[in-house]
Protein chains: 2
Amino acid sequence: MTRGRSPTIKDVAKVAGVSSATVSYVLNDLNKVTPEVDALVRRVAKELGYSRNNAARALKTGRNNIIGCILPTLTSPVFPEIAQAVQLRAEAHGYATLVIDSGNAPMREEKVVRTLAKHGVDGAVALLHPKFKLADPPIFPIVSLDAKFPGLDSVHADHYAGGRLMAEHAMALGHRRIGMLSGFQDLTSSYERRQGFVDAAAGRVELVWEVNVHLVPQLPPAAVEAIRRREVTMIACVNDLVAIAALSVLKDSGMSAPGDVSVFGFDDMQWASWPLIDLTTIRQPLAELGSRAADLLISRLDDRQRPVEDLVLPVTLVERGSTARVG
Amino acid sequence: MTRGRSPTIKDVAKVAGVSSATVSYVLNDLNKVTPEVDALVRRVAKELGYSRNNAARALKTGRNNIIGCILPTLTSPVFPEIAQAVQLRAEAHGYATLVIDSGNAPMREEKVVRTLAKHGVDGAVALLHPKFKLADPPIFPIVSLDAKFPGLDSVHADHYAGGRLMAEHAMALGHRRIGMLSGFQDLTSSYERRQGFVDAAAGRVELVWEVNVHLVPQLPPAAVEAIRRREVTMIACVNDLVAIAALSVLKDSGMSAPGDVSVFGFDDMQWASWPLIDLTTIRQPLAELGSRAADLLISRLDDRQRPVEDLVLPVTLVERGSTARVG
DNA sequence: TCAGGTCGTTTAATCGTGTAAATAGATAAG
DNA sequence: CTTATCTATTTACACGATTAAACGACCTGA
């Protein structure tokens with residue numbers, strides 16, 4: 001057992017009786033060496049338990065084989081699902097993933113990017129606020145999650161189509177009077193979801209009330225009051241978290257879904273399927289979102305000149321117990 | 001604007017008219033230089049937008065300023081809360097955090113450790129299965145989360161006391177016939193929770209039935225049947241996720257909590273407080289768990305000889321709507 | 001005045017890889 | 001047999017930082 005530090009490329013070279021360059025060539029799969037030498041070097045490397053020093057490699061090549069994954073928060077059910085997928089795919093490509101939350105603040109996003117840069121990530125997958133100003137020149141390539149972003153590769157669900165799906169399903173169930181808990185419209189995905197809904201519903205359903213809410217499971221007083229007025233047969237929510245908040249308010253007010261009012265979510269996060277919640281929703285393929293973003297980022301790292309790509313993934317309706325045919 | 005690569009320590013040195021060593025001394029806060037030179041160097045560094053190349057530093061010093069955070073999964077409400085705290089604290093110490101999930105399998109845990117080693121983490125915070133075999137000699141320092149682990153620093157809640165609290169509260173509410181959804185006993189925390197409960201309840205409540213379950217929100221048939229037999233006034237669960245599964249079964253079976261039976265969780269994960277769930281539970285300080293673990297790890301990185309430390313954090317009872325005085 | 005001590009700064013070696021360029025050895029061509 | 005052409009391998013330097021050791025300037029006390 002080699003006491004002290006772990007073996008270096010030179011140790012391997014010495015034991016194998018070749019030069020360190022040869023070892024490097026072998027271990028990087030540039031096939032520049034005889035099969036015998038190749039086999040020998042690999043055997044010795046394995047025997048010594050050699051493992052490449054990433055810092056040295058990074059120093060020499062300028063690539064760290066680490067990517068970042070910037071999300072607004074981890075304490076929400078949707079984002080970890082994405083993070084997990086990013087990580088898994090990155091690992092398959094030999095990259096580690098630095099998951100980091102931006103705390104939802106656009107100012108912090110810029111700080112987070114700098115932090116990641118300091119730690120030498122090669123690029124990042126990020127869910128960015130549209131107001132985010134990307135540095136010029138960009139510090140590292142970024143793939144935008146959840147929304148298009150000018151100048152960046154992006155991967156996102158078809159929010160607009162999702163909004164339409166919602167409206168169509170609502171109408172199919174006979175709902176004509178609908179209340180809406182929409183997200184603040186500066187967030188692209190919130191905007192598109194609403195727009196899809198409104199376009200599809202135009203002239204055929206009445207939007208009785210609408211309240212903009214933050215994407216957290218607590219509702220502002222205005223929303224609570226609106227729900228309690230009992231003027232609508234369905235509440236369409238910008239996402240599942242908000243839908244759950246709506247369900248909570250219903251329960252507190254002695255009402256229930258879908259008996260008194262139907263509730264419609266968006267995302268299909270894991271918990272939406274729990275019997276206690278049992279939420280009808282629009283499913284976006286969270287895991288695929290993450291893995292495709294990772295793919296896109298890595299392909300970008302390999303070719304900086306490739307034209308910007310925008311990947312739109314389809315959404316589907318998931319019908320559960322929180323919605324019902326009207327009256 | 002310096003076209004091309006980003007400025008190095010030498011660029012700063014040249015512009016400031018000093019040697020690169022001086023710049024290094026300044027930027028590392030070893031106070032070896034005159035105040036004037038110090039100020040000058042800092043100014044120049046800022047002007048050039050200099051940022052230290054972490055790879056080079058890591059190569060020279062053998063420290064990467066990255067720690068790992070190994071958790072069974074991110075798609076569970078408890079773990080991201082811990083991860084977030086670890087990350088925050090690590091960042092305060094100048095470390096980045098590589099969050100990585102081990103997928104709950106002890107075999108994968110060892111692979112994950114190797115992966116982290118490859119990416120050069122200096123140490124890790126990890127929630128390990130007791131069967132995990134740590135390499136000898138250890139590749140890097142690890143702080144064990146959630147349970148003591150022989151030879152490692154550890155931080156965990158006082159599961160045993162939590163179990164006792166549960167039992168005492170149950171008895172205070174008059175419950176005498178209790179069913180238990182306990183975790184598999186090879187997991188230390190599951191074992192201790194159960195043991196605390198059993199010890200405190202000994203002779204005073206009847207454990208009518210008990211089923212070992214995995215820590216996920218789906219129950220095995222045996223558990224479902226047990227619940228449906230309606231033989232108990234309270235179901236004590238190994239954690240909140242399982243408690244929610246129990247609530248689901250109740251709902252599916254036309255029963256409800258606390259009307260037909262009280263349900264008791266453990267963890268106080270974020271969602272336990274949602275009105276829809278409203279779970280009485282034992283709270284473990286998740287965020288503190290994470291930040292203390294990060295502290296412990298970093299102190300270990302600074303002093304490898306320090307004796308192993310075992311930090312036990314107190315738990316508290318959180319009474320909500322899923323439990324009631326027995327009819 | 002000079003030996004010795006302090007202090008601030010520089011010189012130079014080093015960390016472990018990657019890789020362009022040099023080299024040696026073998027083969028082929030003329 | 002000489003020369004050119006490959007090919008497998010090695011030599012040697014660079015990447016950007018840290019840091020021990022060398023250095024020079026200044027001060028101090030005898």
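Chain letters run A, B, ... following the sequence lines, proteins first, then strands; residues in each count from 1.
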Rounded distance in Å - CG (A:Leu59) to P (D:dC13):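 After rounding, the gap between these two atoms is 17 Å.
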Just how far, in rounded Å, is C1' of D:dA17 from NZ of A:Lys60?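 Spelled out: NZ on A:Lys60 to C1' on D:dA17 is 15 Å.
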Distance under 4.0 Å to a non-hydrogen atom of chain B counts as contact; along DNA chain C, which nucleotides mark the start and end?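 Footprint of chain B along DNA chain C, 5' to 3': C:dG8 to C:dG16.
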Reckon B:Thr8 has a side-chain N or O less than 4.0 Å from the OP1 or OP2 of D:dG16?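 Negative; the distance criterion is not met.
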So does A:Thr22 get a side-chain nitrogen or oxygen closer than 4.0 Å to the phosphate oxygens (OP1/OP2) of D:dT10?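 So the side chain of A:Thr22 is within the cut-off, an N or O lying under 4.0 Å from OP1 or OP2 of D:dT10.
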Side chain proximity check, [X] to [Y], heavy atoms < 4.5 angstrom:
| X | Y | result |
| --- | --- | --- |
| A:Leu134 | A:Phe149 | yes |
| B:Gln270 | B:Pro77 | no |
| A:Asn64 | A:His119 | no |

For A:Arg292, the option from A:Val143, A:Leu297, A:Val155, A:Leu145 that meets side chain to side chain contact (heavy atoms under 4.5 Å, CB included):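 Checked A:Val143, A:Leu297, A:Val155, A:Leu145 against A:Arg292; only one passes side chain to side chain contact (heavy atoms under 4.5 Å, CB included): A:Val155.
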Please find the pair of heavy atoms, one from B:Lys148 and one from B:His156, that lie closest to each other, and give the distance.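 Closest heavy-atom pair between B:Lys148 and B:His156: N-CD2, 3.7 Å.
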By a strict heavy-atom criterion of less than 4.0 Å, which residues belonging to residues 26-39 of chain B are in contact with DNA chain D?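 Result for residues 26-39 of chain B: B:Asn28, sorted by number.
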State whether the number of non-hydrogen atoms from other residues, nucleotides or ligands found under 6.0 Å of B:His93 atom NE2 is greater than 12.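 Check passes, neighbour count above 12.
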Five-pair end axes of the helix from C:dT1-D:dA30 to C:dG30-D:dC1, angle between them (10°):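 That helix gives 60° between its end axes.
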Name the nucleic acid region contacted by B:Thr61, choosing base, sugar-phosphate or nothing; use a 4.0 angstrom heavy-atom cut-off, strictly under.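 Counting heavy atoms under 4.0 Å across all strands, the contact made by B:Thr61 is with sugar-phosphate only.
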For B:Ala56 and B:Tyr25, take the nucleotide of DNA chain C holding the closest heavy atom to each; which residue's nucleotide lies nearer the 5' end?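 Result: B:Tyr25.
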Could you check whether B:Glu110 pairs with B:Arg114 (Lys NZ or Arg NE/NH1/NH2 to Asp/Glu carboxylate O, under 4.0 Å)?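 A salt bridge is absent here (no side-chain N lies under 4.0 Å from a carboxylate O).
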